[in-house]
Amino acid sequence: MDRCDRLVDVGRRQFLRGGALAAAATATAVALPATPVKAAALARVDYPSNRLANVADLKSNEPLDVAYPDENAPGVLIKLGTRVEGGAGPDGDIVGFSTICPHKGFPLNYVAADRTMNCPGHYSRFDCEAGGQQIWGQATQNLPQYALRVDEKGDIYAEGVDELLYGRLSNVL
Ligand code: FES
């Protein structure tokens, strides 16, 4: 057997040994009882319900500064003036978003003319009438939007966020 054949033979043996290890690992994974179910249960997060404002505090197409789910997470409530999917309140037009850009964390500015949140960092833009959908720029996720509930007194509560807030491993600390 020349040198080249020996190298091929060593490579073949290592390949076969790797396959045997993979098969053993698969057999072990199959044998573990109900681990994925337990992991899924631990991953669920219960969001705190926070009162952010009252419907009477909002003016049409003017953002109101808020913070959710804690004071280190700036955001806005906006009464868009037209009913949108996911909009809350009597007119179905109240939405809420984080104002931290999901790309690299720059603070976003609201542009009333086209109802978008805009980033001065690298110019990403997010459509507030379309659930914070990114419409331009370098971000790789949409703008985190609040799940809102409005009670019979007009108090507006945030009860969750639909995307991960920038810089966090969880939206609830
Ligand atoms: S930080 Fe907003 S686009 Fe980069």
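One-based numbering, in listed order, for ligands and for the atoms of each.
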Charged N to carboxylate O below 4.0 Å: is that the case for Asp93 and Arg83? no
Within the 4.0 Å heavy-atom shell around Cys119, which atoms of ligand 1 are there? 1 (S), 2 (Fe), 3 (S)
Side chains of Asn54 and Asp155 only: does a donor on one sit below 3.5 Å from an acceptor on the other? yes
Of the side chain and backbone of Ser124, name the one, both, or neither that has a heavy atom under 4.0 Å from an atom of ligand 1. both
Just checking, is any N or O donor in the side chain of Asn118 or Tyr110 under 3.5 Å from an acceptor N or O on the other one? no
Is there an N/O/S atom in His103 that lies less than 2.8 Å from atom 4 (Fe) of ligand 1? yes
Consider only side-chain N and O atoms of Ser49 and Glu159, and report whether a donor and an acceptor are under 3.5 Å apart. yes
Does any N, O or S atom in His122 come within less than 2.8 Å of atom 4 (Fe) of ligand 1? yes
